[in-house]
K.L.:
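Please find one structure pasted underneath; my questions will follow.
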Amino acid sequence: MTDFIDSFEDEDPFDSAGLRLTVDLTALTENWKDMARRSAKARAAAVVKADAYGTGIEDSGEALYMAGARDFFVATVDEGVTLRPYAPDARIFVLSGIWPGTERRLFENDLVPVISSEEQLAFWMAVLAEYGDYPCALNVDTGFNRLGLSMDEAIALADDVSRPASFAPVLVMSHLACSDDHSSEMNRQQLESFRQVSAAYEGIDSSLAASAGIFLGSDYHFDLTRPGIALYGGESVNDMVNPMRPVVSAEARIIQVRTVKEGESVGYGRATRLTRDSRLAIVSAGYADGYLRSQSSAGVPLRQTVPRGGQGFVAGRKVPVAGRISMDLTIFDVTDLPENAVRAGDYVELFGKNVLVDDVARSAGTIGYEILTSIGLRHERRYLHEED
Ligand SMILES: *Cc1c(COP(=O)(O)O)cnc(C)c1O
């Protein structure tokens, strides 16, 4: 019996996974280098929040570090703690800042908090009084009205001669609201505002642009850029051909192929009625895996405004979702493929090189960011490197 079980040992779970993800680390690092080149005189950081946009913060963080990234942005202290061993001497900024009770983990892991409110600033000053010098970043709101000190607060702080000498910001930053729309007036307005802030903090690095802002040109680059989605191959700018390489592909295994007669219905709510004899491939991924239900071919409100539901790719062709996507399962209509072109055990690409993550997003009524960060936990993950 144990011999029998031992014989399973060299099975690679990737080969039999119901849902599997391939992360191309070479494409990731090429994308980072591309963004670094486009950032010209500015340094390019790497934004790796939300588990590096679903790709895995350890492997992706390490690959980006090896490619030369030395500034990283994470959302939470936990993410910073996870990243630290993979980016040993890099600067890691924590976008959510500091909160009472997180000081020790920040200091022990050499994380730099991004201070975004008067309350955080007051707490930070108290921390410095107790522990001494420690770097921080300041986030200034220039119109987004999300996080950030007001411009008046930030400029007053810069000019405040009574502020403690231990207060040592290493970065002043702001975030653009409309950089995905290059024709928006808001970009210029925020740029003008941020220039005032940057001037008040002369000698300290400034940062304004995320992925889409980098494409706005050198006025927006300042000293440090903060690309996120572009590194992972996603679109950041509307109505522009996306020059980034796809990084992530998701594939789900076909559990069953069934033949169904004309006139029958498919799935929950009988949302789709078949108008011809059909072959359906049932795959093991659903909305619990981030394959959003709003991509269903029918039976969801979005189909009234965005006519086309999701598509997969198998045997060299795109195939449409049939009916409603359920929690763990999705049905694809493979009738247009030659008979026997697909069978149980084959994999359907949910997104990747053939079905772009942003096309999935469009048919789900969202953006590529949400697709990537919704992938969930049930997949097997494999990383590709150049050497492989
Ligand atoms: C998420 C985030 C980024 C990265 O944005 P992308 O659009 O993914 O490039 C940069 N800066 C801040 C403050 C962010 O929250």
Side-chain angles (χ1 to χ4, degrees), residues 28 31-36 38-39 42-55 57 60-61 64 69 71-77 79-80 83 91-97 111-117 120 136-149 154 169 171-182 184 186-187 190-191 193-194 197 205-216 220-238 240 242-248 357-358 361 366-374:
L28 173 74
N31 284 342
W32 181 76
K33 288 176 193 164
D34 185 351
M35 293 316 267
R38 289 175 198 272
S39 301
R43 273 182 349 268
V47 180
V48 294
K49 62 196 183 189
D51 205 22
Y53 292 51
T55 65
I57 193 169
S60 291
L64 290 162
D71 301 270
F72 289 85
F73 287 84
V74 295
T76 66
V77 174
E79 290 175 342
L83 175 64
R91 192 159 251 169
I92 302 177
F93 295 97
V94 178
L95 289 166
S96 62
L111 308 176
V112 182
V114 178
I115 307 293
S116 282
S117 68
Q120 284 195 334
C136 70
L138 294 178
N139 185 17
V140 182
D141 191 90
T142 51
F144 199 119
N145 280 319
R146 191 172 60 174
L147 287 178
L149 298 168
L171 182 74
V172 57
M173 59 176 270
S174 189
H175 197 46
L176 296 167
C178 301
S179 52
D180 58 341
D181 175 4
H182 282 187
S184 172
M186 186 70 166
N187 295 320
Q190 287 193 270
L191 176 63
S193 298
F194 189 63
V197 177
D205 281 354
S206 298
S207 176
L208 179 63
S211 299
I214 293 170
F215 290 104
L216 280 168
Y220 290 80
H221 294 168
F222 292 87
D223 302 300
L224 182 71
T225 59
R226 307 189 305 270
I229 192 70
L231 308 181
Y232 309 99
E235 286 178 19
S236 56
V237 182
N238 302 336
M240 180 185 87
N242 180 9
M244 311 316 294
R245 295 200 198 182
V247 170
V248 190
V357 69
D358 289 288
T366 182
I367 52 177
Y369 297 70
E370 190 177 13
I371 302 297
L372 287 177
T373 57
S374 299

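Just so it is clear, the structure is predicted and the values come from calculations on it, not from any experiment. Start at 1 with the first residue, then count along the sequence. Read the numbers this way: they start at 1 and go in the same order the structure lists the ligands and their atoms.
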K.L.:
Considering only the protein, which heavy-atom contact is closest to atom 7 (O) of ligand 1, and what is its distance?
P.N.:
Y369 OH, 2.6 Å

K.L.:
Is P227 near ligand 1, meaning one of its heavy atoms is under 4.0 Å from it?
P.N.:
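Flag set, P227 near ligand 1.
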
K.L.:
Salt bridge or not for R43 and D205, using N-O below 4.0 Å?
P.N.:
yes

K.L.:
Less than 4.5 Å apart, any side-chain heavy atom of F215 and any of P243?
P.N.:
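SC-SC contact between F215 and P243 confirmed.
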
K.L.:
Taking N or O atoms only and a 3.5 Å limit, does I229 qualify as a polar contact for ligand 1?
P.N.:
yes

K.L.:
Pick, from M173, R146, K49, the option with the minimum heavy-atom distance to atom 14 (C) of ligand 1.
P.N.:
K49

K.L.:
Find the distance between CD1 (I115) and CG (L147) and round it off to the nearest 0.5 Å.
P.N.:
11.5 Å

K.L.:
Quick check for you: to the nearest 0.5 Å, what is the distance between D141 atom CG and F194 atom CZ?
P.N.:
12.0 Å

K.L.:
Minimum heavy-atom separation for A44 and S39, please, with both atom names.
P.N.:
CB-OG, 4.1 Å

K.L.:
I need the nearest protein heavy-atom contact for atom 12 (C) of ligand 1: residue, atom name and distance, please.
P.N.:
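For this ligand atom, the closest protein heavy atom is H175 CE1, 3.5 Å.
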
K.L.:
How far apart are the closest heavy atoms of V248 and T55, and which atoms are they?
P.N.:
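Closest approach of V248 to T55, heavy atoms only: CG2-CG2, 3.6 Å.
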
K.L.:
Out of T142, V114, V140, V197, which one pairs with M173 under the side-chain contact (heavy atoms from CB on, under 4.5 Å) rule?
P.N.:
V114

K.L.:
Who's the nearest protein heavy-atom neighbour of atom 5 (O) of ligand 1, and how far?
P.N.:
A210 CB, 3.4 Å

K.L.:
What protein heavy atom lies closest to atom 8 (O) of ligand 1? Include the residue and the distance to one decimal.
P.N.:
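The closest heavy atom on the protein side is Y53 OH, 2.6 Å.
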
K.L.:
Between ligand 1 and A212, is the shortest N or O to N or O distance under 3.5 Å?
P.N.:
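Between A212 and ligand 1 (N or O atoms, distance only) the closest approach is not under 3.5 Å.
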
K.L.:
Side chain or backbone of S211 under 4.0 Å from ligand 1, or both, or neither, by non-hydrogen atoms?
P.N.:
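Answer for S211: both.
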
K.L.:
Would you say that V48 contacts L64 through its side chain, given a criterion of any heavy-atom pair below 4.5 Å between the two side chains?
P.N.:
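Yes; the side chains approach each other to less than 4.5 Å.
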
K.L.:
Indicate, as side chain, backbone, both or neither, the part of R226 found under 4.0 angstrom from ligand 1 when only non-hydrogen atoms are considered.
P.N.:
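For R226, the contact with ligand 1 is made by both the backbone and the side chain.
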
K.L.:
Give a yes/no verdict on whether any heavy atom in F73 is under 4.0 Å from an atom of ligand 1.
P.N.:
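No; F73 lies far enough from ligand 1 that no heavy-atom distance drops under 4.0 Å.
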
